[in-house]
Each structure stands twice: as structure tokens, then as C-alpha cells.
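The structure under discussion appears below in the form of C-alpha cells.
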Amino acid sequence: MLVGIVGWRGMVGSVLIQRMLQEGDFNFFETRFFSTSNAGDKVSEKIKFKGSHILADGFDQSALADCDVILTCQGSEYSRKMFPTLRAKGWSGFWIDASREFRMEEETTIVLDPLNRSSIDSALKTGRKVFCGGNCTVSCLLMAIHGLVKDNFVEWVSSTTYQAASGGGAKHMKELLTQAGKIYKQVDSLLSQDNSHILDIDRKVLDTQKNFSGNEMHCFKVPLSGSLIPWIDQDRNDGWSLEEWKGDVELNKILGSDKKEKVKVDFTCVRVGIMRCHSQSVILKLKQKLDIEDIEKILDEANPWVEVVPNKKADSEQFLSPLYASGTLRIPIGRVRRMKYDDSCISAFTIGDQLLWGAAEPLRRMLRIIVDQNFPKDV
Ligand code: NAP
């Protein structure tokens with residue numbers, strides 16, 4: 001089996017490759033690496049795989065069409081261009097995609113196998129070949145509240161997010177750091193003086209933030225370091241951002257409830273100046289009143305990655321933090337308590353590394369499901 005990987009040097013792609021190396025995935029198939037920007041260059045020697053180390057051109061239709069599976073983390077624009085082109089040329093392989101481009105298409109299964117393995121299996125059985133990773137916030141939230149949604153306890157969910165800069169990609173992370181570095185340089189000398197006045201420091205910081213050049217805000221368009229942006233992705237002109245809209249439709253599609261009773265979902269998505277991991281403050285309206293202890297047990301037992309953090313100050317500070325979840329598959333959820341205004345409503349706080357469970361990991365696992373079942377491309 002030949003697996004083509006496109007977009008492997010970006011944020012999601014790099015994390016994907018790291019995970020594939022950790023799990024020894026490259027032993028199970030031949031790999032062809034593609035690039036849309038530096039074909040002909042070499043794939044890093046650190047990546048051990050079966051296949052040529054020369055990068056193929058991401059727009060080379062015949063090199064792509066050789067592949068039984070194409071896994072792309074390149075982005076929507078690439079998918080929009082290349083997938084229909086390959087299909088029109090008769091290519092019938094599996095398409096695994098990190099982007100949002102085809103998530104809501106009828107043919108597509110949004111993959112999050114700890115929750116929807118049965119949908120994945122029936123899609124494979126019926127010959128479906130498009131498998132997309134879900135929106136990062138949705139996947140991390142579902143991993144956290146898996147126990148409650150699995151047993152159909154949830155009537156509605158409202159989530160306010162704190163999403164990391166890396167949600168935008170590699171260049172966005174660099175922009176955040178560049179801004180932070182510039183701010184620091186302006187106040188470095190004042191910080192080292194014991195008697196410097198805090199309002200002088202504050203004014204210099206604000207001045208710097210308000211005067212970033214266009215280049216320094218190229219990705220986010222407004223300052224992010226030391227600030228936040230309560231809007232992510234496009235404006236749908238109906239009061240919701242595209243990121244918030246995805247929360248509702250994708251969550252229900254993953255649960256298969258788009259065809260039956262839907263969980264009502266409301267998101268307010270906020271970009272914050274942190275590097276990695278999306279955090280969420282969540283309110284869940286349950287269909288019945290449950291004891292907090294029972295809720296914590298249901299949450300904790302749902303899958304091997306979710307970790308219930310006791311609702312205590314020290315535990316919350318240590319384990320409910322992006323730093324604790326970053327670079328791991330852990331999904332901590334804590335601050336679980338009953339809301340005062342409605343005793344069937346609970347609030348909670350959860351964090352997930354959006355590059356792992358929110359992006360790379362479901363794709364990696366989907367690739368292994370296909371490879372392990374050894375589906376030939378013309379089935
Ligand atoms: P990204 O970091 O911007 O990378 C995308 C591609 O951009 C790379 O694979 C690379 O492709 C190219 N690129 C150009 N300049 C680059 C540079 N300086 N460093 C690295 N790559 C560069 O985007 P991403 O965050 O990985 O997102 C990829 C897709 O996954 C998007 O559709 C996104 O919406 C989706 N997604 C992202 C996240 C997330 O948290 N970031 C979560 C879920 C889904 P070439 O080698 O071909 O040039």
C-alpha cells in the first residue's frame with residue numbers, strides 16, 4: 001500500500017509525523033511525501049520510512065494518483081483544488097483530510113474513532129472513502145464529555161473557548177512570539193530596574209501593542225500577544241463566526257445525531273495569546289439531574305485519555321492547564337459543579353492539545369484503520 005502525505009511540514013503535519021514515528025506507523029506501508037512549495041528537496045533523514053526521500057510535487061496528478069491513500073494536512077485550498085481533479089481523472093483511493101473543506105459533504109465521515117468507530121466501519125463497508133478530521137475544538141470537547149454524550153445525557157452544551165495561536169498554523173505561532181519579543185524588548189531595561197514604575201512599563205507595552213506594523217500582524221490582523229480576539233474564522237453575517245457554526249454542525253455529525261435528535265450546541269470562540277492547546281469553559285444541560293460524583297465517574301471512564309481533575313484549587317492549577325495537556329493525548333476536565341440557576345446544568349473546564357486529538361491523532365488512527373484492514377483502492 002502506498003500512502004501519500006501532503007502538508008507534513010505544517011503545524012498539524014509535523015505533529016502527525018511525530019505521532020506516526022512514535023507509533024511505528026511507517027513500518028506498515030510505503031510513503032510518498034509531497035510538497036506544494038519545495039518539490040525536489042529532501043525529506044528529513046530523521047523520518048524513517050519506506051520510500052523515496054525526494055519530495056514529490058503536491059500538484060503532480062499522476063504521482064498523487066499512484067497512492068492508495070492520500071492524507072493531507074495542507075489546507076482547504078489544496079483539497080478544494082486537488083481532490084475533485086483526482087476524482088475526475090478516475091482516482092478512487094482514500095482521502096484523509098485535516099481541513100474543513102469536505103467535512104459536511106454527504107460522502108464524508110468526520111473521524112473521531114473513540115466516539116464514532118461504528119460510523120467509520122459502516123462508511124468503509126459501504127465503500128465511502130472520504131474521511132476528515134473534525135474541527136479541533138469540537139473533537140477535544142467530545143473527547144472530554146464522551147461519557148455524557150455516549151449515554152445520551154446531554155440536552156444542550158454551551159462552550160466559551162480559549163484557543164491557542166497554533167490553531168491558525170505555524171506562521172501564527174511565530175507571529176505571536178515575534179509580538180511578545182518586541183513587547184519585551186521595549187521594557188527590558190525598565191524590568192531590570194527595581195524602582196521602575198509599573199505604569200511606565202504598562203504604557204510602553206500598550207504603545208508597542210497598538211503600533212505593531214502590518215507585517216507584525218500579518219496572520220491575526222490585530223495584536224494577539226497580551227490580548228485576545230473574540231472572533232475565529234470567517235464572518236457568517238448571522239452573528240456567528242464560522243468556527244462557532246462548525247461547533248454545532250460537526251459535533252452533531254460526529255455523534256450521528258444530525259439525522260436524529262440533535263444536541264443543541266452554542267460556542268463563543270476566542271483566540272488567546274498562548275502557544276498550544278484549546279481550553280473551554282463549558283455548560284452542559286443534562287436531561288436529568290445526576291450526582292456530581294456520578295458525572296465525574298461517567299466522564300472518567302469513557303475513554304483512556306480523559307482525566308477528571310478534582311474540583312480543588314491545587315489540582316486545577318496543576319492539571320487543568322495547557323502546559324499539562326500540551327504535547328500529550330491527555331484530555332483533562334475539571335471544575336465540575338452544579339450551576340446555581342438550574343440543578344440539571346453543570347459547568348466544567350476542559351483542555352485538549354488541538355494538534356493531537358483536535359487534528360493529527362484522529363487522522364493517524366484513521367489511516368491505521370484503513371491500512372490494518374488493508375483496503376485496496378479499487379474496492
Ligand atoms: P500550516 O502550519 O500553515 O501548514 C500548512 C502548510 O503550509 C504546510 O504543510 C506547508 O506545506 C505550508 N507552509 C508554508 N510555509 C510554511 C512554514 N513556514 N512552515 C510550515 N509550513 C509552511 O497549517 P496547519 O495549522 O498545519 O493546518 C493544516 C490544515 O489543518 C488546515 O486546513 C487547518 O484548518 C487544519 N487544522 C488545523 C488545526 C490546528 O490546530 N492548527 C487543527 C485542526 C485542523 P508545503 O510543504 O506544501 O509548502
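As the structure lists them, so they are numbered: ligands from 1, and atoms in each ligand from 1.
Residue contact check: S37 has heavy atoms under 4.0 Å from atoms 45 (P), 46 (O), 47 (O), 48 (O) of ligand 1. For ligand 1, the atoms lying closer than 4.0 Å to a non-hydrogen atom of S76 are 32 (O). Near G7, the atoms of ligand 1 lying under 4.0 angstrom from a non-hydrogen atom of the residue are 9 (O). Counting the atoms of ligand 1 from 1 in the order shown, those under 4.0 Å from a heavy atom of L355 are 39 (C), 40 (O), 41 (N). Residue-ligand proximity, T36 to ligand 1, at heavy-atom distances under 4.0 Å covers atoms 45 (P), 47 (O), 48 (O).
In this structure, a donor-acceptor pair under 3.5 Å is present between the side chains of Q163 and E243. For the residue pair W240/D235, the side-chain donor-acceptor check at 3.5 Å is not satisfied. Residues S241 and D233 have side chains that never bring a donor and an acceptor to within less than 3.5 angstrom of each other. Side chains of R337 and N311: a donor-acceptor N/O pair is absent below 3.5 angstrom, by distance only. For the residue pair N303 / W305, no side-chain donor-acceptor distance below 3.5 Å is found, with atom types taken as modelled. Inspection of the Q179 and Y184 side chains reveals no N or O donor paired with an N or O acceptor under 3.5 Å.
Between K150 and E301, no side-chain nitrogen of the basic residue sits less than 4.0 Å from a carboxylate oxygen of the acidic one, so the salt-bridge criterion is not met. At a threshold of 4.0 Å, the pair E175-K171 does not count as salt-bridged, since none of the basic side-chain nitrogens sits closer than that to a carboxylate oxygen.
Where the criterion is an N or O separation shorter than 3.5 Å, residue side chain and backbone included, G10 meets it with respect to ligand 1. By the 3.5 Å distance cut-off applied to N or O atoms, R9 is counted among the residues near ligand 1. Residue F34 places no N or O, backbone or side chain, under 3.5 Å from any N or O of ligand 1. Backbone and side-chain nitrogen or oxygen atoms of Q354 are examined, and one is located within less than 3.5 angstrom of a nitrogen or oxygen of ligand 1. An N or O contact shorter than 3.5 Å is missing between G134 and ligand 1 by distance. In terms of polar-atom proximity, M11 is counted as a contact of ligand 1, with an N or O under 3.5 Å from an N or O of the ligand. Looking at ligand 1, you won't find any N or O of A359 less than 3.5 Å from one of its N or O atoms. Considering backbone and side-chain atoms alike, S166 places an N or O below 3.5 Å from some N or O of ligand 1.
Protein heavy atom closest to atom 29 (C) of ligand 1, with residue, atom name and distance, is C73 O, 3.8 Å. Of all protein heavy atoms, the one closest to atom 44 (C) of ligand 1 is A98 O, 3.5 Å.
Between E250 and V138, the shortest heavy-atom contact is C-CG1, 4.3 Å.
Around the NZ atom of K81, the shell of radius 6.0 Å holds no more than 12 heavy atoms that belong to other residues, nucleotides or ligands.
Counting heavy atoms under 4.0 Å from ligand 1, residue E101 does not touch it at all.
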